[in-house]
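Okay, structure first, notes after.
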Amino acid sequence: MATNETAKKTRTGSIQWRIVLIYILLVSIAMTVAGVFIINQLGEYMMDNVRTRFTKVITENMQILASYDDLSASRAEIQNDITAWSNSLSEEIYVADNSFEIIAASNERYRGISAFEVLDRTLVVRTFNGESTEIEETTASGVPVVSFLYPIQDTSGVKGIIVLRADVSNVYETETRARSIFFRSMAIALAITVILSLLISRSITIPIKDVTQKARKMAEGDFSQEVSVKSNDEIGQLAQMFNMLRGELDLTISDLTSEKNRQSTIFRYMADGLLAIDRETRNVLLMNPAARNMLGLPVSESGMFPYSRVEELLGSEVRFDRMWKNAEEGGVRDILDHKGRIFDLRYDRFKDDENEDAGLIVILQDITEQQKAEAMQRDFVANVSHELKTPLTNIKSYTETLLDGAASDPETASRFLSIIDSEADRMNRLVKDLLQLSRLDHKQEKMSMKELDLVPLVRSCIAKMEMTARQKSQTIEAVFPDDLHERVVMDKDRMEQVIQNVLSNAIKYTQDGGAIRVGIREEADENRKKWVLVDVADNGIGIAESEQARVFERFYRVDKARSRAMGGTGLGLSIARQIMEEHGGTILLTSPGLGLGTTVTLKVPHAPTRGVRGIE
Ligand code: ADP
């Protein structure tokens, strides 16, 4: 019902109907004005004709009437004259003398009566004053007539009046007929106007309706709408503008969409966690996956959810009210410690479209690793200084003692000098190791990779270390077949350095008389990739489980004094690990526990079976 009413309202209020109405009004006004004017002019014209005819008769005959000295006395002659005129004129004529009596008349009824009985008194008086007058009236029988009153005068003055009365019913009839013709033609004209104006207004409104309809579709998101431009007039220009607007909008919207996509991709993949919180509702409006991971929230918490959930998780540091107040003067930076992870927390207020503070943007950056690296860097520098300082202090104190006179005792001098020598050696080893580590860190260590058989290298390392082992009454046994061959791509010198380091550790950290067994085997992983593994197993002091992973850290030693006494720098295993990684391999250390021996395993990829020729 309501829709029908609206439709009706729209139809009557539409431009089309307004145009039709305007046309009807214009045509009716124009025709009425023209019709009234023409009909009036026609009546005037016809009356003028009567008037001209009468004036002509009067001017022709007035002299005759004026020549009678006494009108009353000459009434018989005058009656004759009038009868003659009225025959030729077919109008009523009568003459009144200065006593207002009608002395002669074409109509017998008027003869002898007072002029005032048949004529308007003022008109009669005015005519007797020398003025020609006229009057339109309707007779008792309903005939429209017009009377012309002329004074009969000579030099002595007005002697009487002559009245000519004409039947003007034909004038009125003509006017009535003209009016009816006018009304009929007006009806026809209006009918034509309605049809024409409907056609004209349709030609205007159809393109407008087309534009409106397409604009509606555009508002619903369909930008494929193109309006056909049929003319170069205002409507054609409107259509052109619409098409231009559509193009621009399409472009702008696709720009916006791709910008939005770009932003949402950045938002999704950015490493920093981002949260937007609404001030009014205290809801989290936006949260990227990084933030969800950092806060350990389930995936279900990705839509809008109350910020109090985050407050519960992270504690008072990130209470909304606290952050809101802190951010009053601008962005704030804080450190947040949550479940062993360290976050760089930054937040600031964001504004809405009316430039009012609308909420908070929080950015979380997990800086745990960064902090760890910084701490490691600090520790490393402290360790290096400490490791260098110890031999330096020793060298300095022994040198001073020698200078203070100990040199005079050759035995003491020689002992001291050998200590100084071994401390200098230690420093030299340390500096050499440090330099190699630094080269490995900066990928500056030159590696000369070749495909070689690893087995002979292991055998030669064992042979080289046998002397040292023998000094501690230890045995080193190769527990792999004599004819074994394992080809790997390696830098022979660096690989030798690693094997020797591992063997020397086994000797160092195994009591006298211990046994060291070296095995070589092959292994395939789940991707069927082949690896070559070298196991160096001793039955020495072993390592507690908690310390097994730490021995690869720089300067980490289970027993500092023992390592130092053995000439160790605490850098051997970290260098070994880095070299193994350069080979695409690893180094592993396992021990069942203290006193239960240790096995160190080197793992390198097996050279491809159909190796690239020319590597060696
Ligand atoms: P170092 O110069 O002290 O030997 P490494 O980096 O080679 O330095 O070794 C680090 C630490 O690992 C050693 O100080 C020692 O405590 C432990 N370690 C290494 N190899 C063995 C092993 N075979 N048995 C027991 N402990 C070992």
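Predicted model only: the values in this text are computed from it and were never measured. Starting from 1, each residue takes its place in the sequence as its number. Both backbone and side-chain heavy atoms feed into the values below; hydrogens, waters and symmetry mates do not. Whatever order the structure lists ligands and atoms in, that order sets their numbers, starting from 1.
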Residue part near ligand 1, for Ile543, under 4.0 Å between non-hydrogen atoms: side chain

Tyr398 atom OH, neighbour heavy-atom count above 12 within 6.0 Å: no

Beyond-backbone contact of Val600 with Leu588, side-chain heavy atoms, under 4.5 angstrom: no

Note, Ile367 side chain near Phe343 side chain (heavy atom, < 4.5 Å): no

For Asp538, atoms of ligand 1 separated by under 4.0 Å from a heavy atom: 22 (C), 23 (N)

Nearest protein heavy atom with distance in Å, relative to atom 6 (O) of ligand 1: Leu573 N, 2.7 Å

Flag side-chain contact, heavy atom, 4.5 Å: Leu571 against Leu437: yes

Atom 7 (O) of ligand 1: the protein heavy-atom neighbour that sits closest, reported with distance to 0.1 Å: Asn505 ND2, 2.8 Å

Gln578 and Glu582: side chain donor to acceptor below 3.5 Å: no

Salt bridge (charged side-chain N to carboxylate O under 4.0 Å, His left out) between Lys214 and Asp210, worked out: CA-CA 6 Å; Lys214 290 189 171 151; Asp210 189 28; 3.3 Å; yes

Nearest protein heavy atom with distance in Å, relative to atom 3 (O) of ligand 1: Ser563 OG, 2.7 Å

Closest protein heavy atom (residue, atom, distance) for atom 10 (C) of ligand 1: Tyr556 O, 3.4 Å

Nearest-neighbour protein heavy atom for atom 16 (O) of ligand 1, which is reported as residue plus atom name and distance: Val558 N, 3.1 Å

Nearest non-hydrogen protein atom, atom 24 (N) of ligand 1: Thr598 OG1, 3.2 Å

Any Lys508 heavy atom less than 4.0 Å from ligand 1: yes

Option nearest atom 1 (P) of ligand 1 (shortest heavy-atom distance, choices Ser574, Gly567, Gly570): Gly570

Tyr307 six-ring face occupied by Arg282 cation (under 6.0 Å, within 45°): no

Side chain Asn288, main chain Asp272, donor-acceptor under 3.5 Å: yes

Heavy atom of the protein closest to atom 13 (C) of ligand 1 (residue, atom name, distance): Tyr509 OH, 3.4 Å

Protein heavy-atom partner closest to atom 12 (O) of ligand 1 - residue, atom, separation in Å: Val551 CG1, 3.3 Å

